[in-house]
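Predicted model, so just to flag it, every value in this text is computed and none were measured. Indexing begins at 1, ligand by ligand and atom by atom, following the structure's order.
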Amino acid sequence: MHSQSQSLFAQSEKPIGICSDHAGFQMKAYFLSLFEEKGIVFKDFGAYSPESSDYPDFAHPLAIAIEKGECYPGIAFCGTGNGINMALNKHQGIRAALCWDTEIAQLARAHNNANALVLPSRIIANEEAYQIMVTFLNTPFEGGRHQRRIDKIPVF
Ligand code: RB5
């Protein structure tokens, strides 16, 4: 089921930035073991243990790394996905999308040019989450009218 992701990851120029809190730790570990197996380059911003933790502590460093161009895209996990998504989206350069199925993931890329994928680890299974990521990474941005809308998102 992971074969579709191989070609995309082979084209990746930057490490995938990844983070979670304790609630997303197990799902992040599942992703990291697959990344290691496939030789996919990533940077892990924590959490580094399943001990109770605060999602902003991991979301902000990941967001800054994406904004600096050090990582692309970002993938983040927390229990519902909401908390880590809110923290990521405080950064002007981040368009993080909370996705619980492949259709939302596809539209998050095609219409919103999302640069971070957020997955709700207590709501969906590991395999579903991985498939959502494959869809996210394989969907190009459509541009056009969607670029005009994206340009209106930042608040100064
Ligand atoms: C942690 O218990 C949980 O609140 C967190 O992972 C997330 O769901 C918050 O939005």
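Here the CG atom belonging to N85 is positioned 9.0 Å from the OG1 atom belonging to T80, to the nearest 0.5 angstrom. Annotation: the span from E128 atom CD to W100 atom CH2 amounts to 13.0 Å, rounded to 0.5 Å.
Within a 6.0 Å sphere centred on CD of Q147, heavy atoms belonging to other residues, nucleotides or ligands number more than 12.
Looking at atom 2 (O) of ligand 1, its nearest protein heavy atom turns out to be R122 NH1, 3.2 Å. Of all protein heavy atoms, the one closest to atom 8 (O) of ligand 1 is T80 N, 2.9 Å. Among all non-hydrogen protein atoms, the one lying nearest atom 9 (C) of ligand 1 is Y55 CE2, 3.5 Å.
Within ligand 1, counting atoms from 1 as listed, the ones closer than 4.0 Å to a heavy atom of G79 are 5 (C), 6 (O), 7 (C), 8 (O). Of all the atoms in ligand 1, the ones that sit under 4.0 Å from a non-hydrogen atom of H22 are 1 (C), 2 (O).
Residue-to-ligand polar distances place G83 within reach of ligand 1: an N/O pair is separated by less than 3.5 Å. At a 3.5 angstrom cut-off on N or O pairs, N82 does not count as close to ligand 1. On a distance-only criterion, D21 and ligand 1 share at least one N/O pair closer than 3.5 Å.
In this structure, of C78, A23, S53, the residue bringing a heavy atom nearest to atom 7 (C) of ligand 1 is C78.
With N115 contributing its side chain and R95 its backbone, the two residues share a donor-acceptor pair below 3.5 Å.
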Mind running ring-ring contact (aromatic ring centres under 6.0 Å, His included) on F77 and F31 for me, showing each step along the way? CA-CA 11 Å; F77 311 85; F31 274 56; 4.9 Å; yes
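Proximity of I75 to F136: side-chain heavy atoms (C-beta onward) are nowhere separated by under 4.5 Å. Looking at heavy atoms from C-beta onward, I16 lies in side-chain contact with P73 at the 4.5 angstrom threshold.
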